[in-house]
Amino acid sequence: MVDSINIKTTNLEDDYRLFWRDRIGFGANGSVYSCVCKRTWKNYAVKVIQDKPRARREIEMQMACQSSKYVVPIIDVYSNSCDKLNKNKRNKYIFIVMENMRGGELFSLIENYSSAL
């Protein structure tokens, strides 16, 4: 199914300005940073995860649920080498550009909601 997703191999930073110092989230699979589309100047979030089969499955699952209003829409997907995250070597990463959903970490919101019950 991932073959039907247009994973771009061009450099993400040709199309988006990525703010490496503005990490807006993180999890077991990777970190999320702010970015801006250079063409439209619209703000997005970009999730950066190592390019492994597990990452591609994550994209498949998220794409399969795109019609749900509860799933963050994917705008673009890139596969590039990057040395910004690990200075010692250039690893291949998947960059998932998504709508930037303001409001903080989802896990924190769920935790706060649960404790208020």
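Quick note: numbers below take in every heavy atom, side chains included, and nothing from hydrogens, waters or symmetry partners. For this chain, numbers begin at 1 and follow the sequence in order.
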*Student check: side-chain heavy atoms of K52 and K92 closer than 4.5 Å*: no
*Taking the side chain as C-beta and beyond, is there a heavy-atom pair between Q50 and I94 under 4.5 Å?*
no
*asked:* Could you work out, with side-chain hydrogen bond (donor to acceptor under 3.5 Å, both in side chains) as the rule, every residue matching D15, not counting sequence neighbours?
replied: Y78
Pair up each side-chain donor or acceptor in residues 68-75 with any protein partner under 3.5 Å, not counting sequence neighbours, and list the distances.
{"residue": "S68", "atom": "OG", "partner": "Y70", "partner atom": "N", "Å": "3.1"}

*Please name all residues satisfying salt bridge (charged side-chain N to carboxylate O under 4.0 Å, His left out) with K38, sequence neighbours left out, ordered by chain then number.*
none
*Transitively linked via ILVMFWY side-chain contacts under 4.5 Å: W20 with V36?*
no
*Specify the closest pair of heavy atoms between E99 and A45, including all atoms of both residues, with the distance to one decimal.*
O-CB, 4.2 Å
*Would you say the side chain of C35 lies within less than 4.5 Å of the side chain of Y33, judging by non-hydrogen atoms?*
no
*pair S31-V48: side-chain heavy atoms closer than 4.5 Å*: no
*asked:* Just to verify, what does N11 make a side-chain hydrogen bond (donor to acceptor under 3.5 Å, both in side chains) with, not counting sequence neighbours?
replied: none
*Applying side chain to side chain contact (heavy atoms under 4.5 Å, CB included), run through E13 and L18 and close with a yes or a no.*
CA-CA 7 Å; E13 292 183 298; L18 187 59; 3.9 Å; yes
*asked:* Looking at every heavy atom in both N100 and S34, which two are closest together, and how far apart are they?
replied: ND2-OG, 4.4 Å
*asked:* Less than 4.5 Å apart, side chain to side chain, heavy atoms only: is that true for V77 and M63?
replied: no
*Any side-chain heavy atom of D51 within less than 4.5 Å of one from Y93?*
no
_So does T9 get a backbone contact from the side chain of N80, meaning a donor-acceptor N/O pair under 3.5 Å?_
yes
*In chain order, what residues pass the side-chain hydrogen bond (donor to acceptor under 3.5 Å, both in side chains) check against D76, with sequence neighbours excluded?*
K8, Y16
*asked:* So, using side-chain hydrogen bond (donor to acceptor under 3.5 Å, both in side chains) as the criterion, who are the partners of E58 when residues are at least two apart?
replied: N29, K47
*Between V32, I59, I96, which is the residue that forms a side-chain contact (heavy atoms from CB on, under 4.5 Å) with I49?*
I96
